Each structure stands twice: as structure tokens, then as C-alpha cells.
Amino acid sequence: MSVVIRPAPAAAPPRWRPAAPPTARFALRRVGQALLVVVATFVLAFLLLHALPGDAIVARYASPELGLTPEQLEALRVAYGADQPWWVQLGLSAGGFLTGDLGTSLQSGAEVSTLIAASLPPTLALAGLGFALAAVLAVGIAAAATFAGTEWLRRAFRSLPPLFVSIPVFWIGIVLLQVVSFRLGLIPVINASPAEALVLPVVTIAIPIAAPLAQVLIRAIDDTLAEPFVIVARARGAGPAWLLGREVARNALLPTLTIAGVLFGELIAGAVVTETVFARSGLGRLTADAVATRDIPVLQAVVVISAVAFVVINLAVDLLAPAIDPRLRKEVRA
């Protein structure tokens with residue numbers, strides 16, 4: 001009796017479902033989180049600024065020197081939209097931000113976008129140069145604290161970051177002015193060239209940023225030097241320079257890059273103090289003046305723009321991290 005073996009019917013091919021690759025899903029998730037942070041910051045800034053006691057328009061225009069009548073003050077409130085309920089003002093403000101209309105300054109009557117555009121370039125130059133100098137200082141301190149020839153010298157460099165963290169920004173600026181400009185006369189305070197006028201503010205804003213960068217970098221270098229592959233490289237005769245450039249720097253880059261994105265907020269706060277101490281025009285000076293005059297449209301624009309810049313930089317760090325560390329690439333794909 002013959003047995004006929006028939007092949008089993010072929011299974012139906014699985015239904016194809018388009019799906020984004022894991023890296024794309026990771027990027028989309030991070031972008032969505034960034035957008036939520038920006039929206040939450042905008043709403044929270046609006047609510048907090050409008051919850052301040054008093055009326056900013058009345059405080060600005062009710063001075064007896066101006067001689068405005070109550071009817072004229074009410075007309076100003078209508079012109080600025082201050083007579084509307086808060087939820088209507090929130091919607092109008094959000095619509096204006098989406099279309100590029102940041103409102104009108106209560107203090108000067110100028111467009112807020114015009115004020116921001118005039119104040120942003122000096123602050124960007126100050127923040128960019130300050131962060132570059134902070135990175136150079138942090139790398140130099142971390143390298144000296146790890147590879148200096150004597151133990152006491154390494155301890156001395158390791159004590160610098162805590163010292164820099166504890167010094168207020170305004171105190172650094174005042175000391176630099178007193179020593180460098182007034183005592184030594186190296187940089188003039190009056191009639192200084194644009195390059196000379198940037199030196200002391202850049203150093204002032206760089207020192208507090210360099211301190212946490214150096215702390216994280218020193219810790220990352222110490223952890224990397226304890227890894228087995230570094231111990232093997234040392235046993236084979238690798239010198240400090242080779243270890244730092246070929247083995248340690250790549251592994252210590254990721255935590256340093258992460259803290260660098262977080263420290264961007266310190267640049268904004270440092271710019272406010274630094275530009276005030278050195279009487280520089282910029283976004284920090286504009287913020288300080290807006291706080292003094294309760295110029296709510298300017299304050300809200302500065303807060304939102306700072307939040308957007310902070311979120312974008314940290315988003316870039318999150319997206320670059322898997323490209324730097326292969327272990328993170330495996331986690332992203334998992």
C-alpha cells in the first residue's frame with residue numbers, strides 16, 4: 001500500500017505593514033517630546049506673566065506726567081488686547097507666535113520681533129565665543145588633572161571646577177574689570193574696539209560654564225581609564241597623549257556632550273548678568289530692561305525663544321548620542 005505524501009499548503013505570506021525603522025521612530029519620539037516642551041513652556045510663561053499683580057499697561061501709561069484720561073487708558077488696553085479674557089489672549093498670542101508676530105513692546109511701542117532681531121546677534125557672539133572658551137578651559141583642566149606630572153598638581157587642577165562653580169558670574173565680571181581694565185589698563189573700558197569689548201565678557205561667561213564641563217570630563221576620563229582595554233594599552237607602553245587622543249576622548253565625549261546641552265541654559269542666565277555688568281546691548285540686557293519695566297510681550301518672547309533654542313540643542317544632542325556610542329545604537333534599535 002503506497003502512501004502519498006502531499007506537501008503542506010504554503011502559509012500565507014504575512015501582511016506587509018509599513019513601519020518606520022527604529023531610528024526613525026526614536027527621532028520622531030524625541031521631536032514630539034521637544035514640541036510638547038515648547039508648547040508647555042509657552043503656556044506656562046503666559047500664565048505666570050499674566051498672573052503678576054497689577055496691570056502692566058496701567059503701570060506704564062497711568063503716570064500723571066503723561067496726563068492720559070481713563071478713556072484713553074482703556075483704549076490702550078483694547079489696542080493691546082488686555083481687555084479680553086485670558087484664554088482669548090492666550091489664543092491670540094499663540095497665533096501671533098505661529099505667524100511670526102511676537103507682539104508690541106509696552107515700553108517702547110516697537111515690534112518685539114524687531115527688538116529681538118537687533119539684540120540677538122551680540123548675544124549669539126558672546127554665547128558662542130564663551131562656550132568655545134569654556135570647552136577649551138574644560139579640556140585643559142581635565143587633561144592636567146589627569147596627566148599632570150605630580151600628585152599635588154593634579155589635586156590643584158581637580159580643585160578648580162568646584163571653585164569656579166561657587167563664584168557668582170557678576171563677581172567674576174567686576175573683578176576682571178577692576179584688575180584687567182582699571183589696575184593693569186590692558187583693555188580700555190571706554191572707546192574699546194569690538195574685539196577688545198568682547199574679551200572680558202567672554203571670559204566672564206566662560207568660567208562658570210567650564211567648571212561643570214571639567215567636572216564631568218574628569219569623571220568620564222577616570223571611568224574610562226579604569227576600563228580593561230585602557231589598562232591593556234598602558235601595559236603595552238601607550239603614553240598619556242596617545243591614550244587621551246585615541247582611547248579616552250571618544251568614550252568621555254558622550255557624557256560631556258550631554259551636560260553641554262544642559263548647560264546652554266546657563267549661557268542665557270550668564271548673558272543677562274554679563275551684559276548688565278559690562279553695559280553691553282543684547283538679549284540679556286533686553287531681558288533685564290523688560291523685567292524692570294514689566295514689559296510682558298518682550299519677556300514672553302525672550303522666554304519662548306530661549307526655550308526653543310534650549311530644546312533644539314538638547315534634541316540635537318539626543319540624536320547625535322547614538323551616532324557616537326554604539327551601545328546606544330543597540331538600545332535605540334531594541
Side-chain angles (χ1 to χ4, degrees), residues 118-148 153-219 221 252-253 256-289 302 306 309-310 313:
S119 303
L120 194 56
T123 300
L124 288 179
L126 175 62
L129 292 174
F131 193 84
L133 179 59
V136 172
L137 289 174
V139 171
I141 292 173
T146 307
F147 299 108
L153 193 56
R154 290 195 294 270
R155 290 181 179 273
F157 277 102
R158 286 177 181 267
S159 64
L160 287 180
L163 176 63
F164 289 164
V165 169
S166 62
I167 300 177
V169 178
F170 71 90
W171 190 85
I172 297 174
I174 293 174
V175 169
L176 288 176
L177 276 175
Q178 290 289 337
V179 175
V180 178
S181 295
F182 297 137
R183 295 293 180 87
L184 301 179
L186 297 178
I187 298 178
V189 179
I190 302 175
N191 296 327
S193 64
E196 291 176 336
L198 266 175
V199 173
L200 295 184
V202 166
V203 175
T204 300
I205 203 174
I207 290 177
I209 302 297
L213 276 178
Q215 285 179 318
V216 173
L217 192 55
I218 290 172
R219 178 62 181 272
I221 291 175
L253 179 61
T256 308
L257 186 63
T258 303
I259 193 64
V262 176
L263 287 174
F264 178 78
E266 294 290 334
L267 285 175
I268 300 299
V272 174
V273 178
T274 304
E275 290 176 353
T276 302
V277 170
F278 291 94
R280 287 180 52 85
S281 60
L283 200 62
R285 187 71 179 274
L286 180 67
T287 305
D289 294 341
V302 170
S306 302
F310 182 82
I313 289 178

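Source: prediction; values computed, not measured. Side chains included, hydrogens not; waters and symmetry mates left out as well; all remaining heavy atoms used.
Pro208 and Pro212 make their closest contact through O-CD, 3.0 Å (heavy atoms, listed as atom of the first residue, atom of the second, distance). In this structure, Ala134 and Ala210 approach most closely via the heavy-atom pair O-CB, 3.5 Å. Scanning all heavy atoms of the two residues, the minimum distance from Gly130 to Ala206 falls at O-CB, 3.3 Å. Nearest approach of Phe157 to Ile141, heavy atoms of both residues: O-CG2, 3.6 Å. Ala138 approaches Ala214 most closely through the heavy-atom pair CB-N, 3.7 Å. Shown here for Arg154 and Thr146, the closest heavy-atom pair between the two residues is CD-O, 3.5 Å.
Counting heavy atoms from C-beta outward, Ile207 and Ile167 have side chains that stay 4.5 Å or more apart. Contact check for Arg285 versus Ser119: no side-chain heavy atoms found under the 4.5 Å cut-off. Using a 4.5 Å heavy-atom cutoff, the side chains of Thr204 and Phe278 are in contact. Here the side chains of Thr123 and Glu275 are in contact, with some heavy-atom distance below 4.5 Å. Residues Ile205 and Val169 fail the side-chain proximity criterion, which asks for heavy atoms closer than 4.5 Å.
Screening Val277, Ile187, Leu200, Val199 against Leu176 for a side chain to side chain contact (heavy atoms under 4.5 Å, CB included) leaves a single residue, Leu200.
Atoms CG and CD1, from Leu137 and Ile209 in turn, are 11.5 Å apart once rounded to the nearest 0.5 Å. Once rounded to the nearest 0.5 Å, the distance linking CZ of Phe164 with CG of Leu213 reads 12.5 Å.
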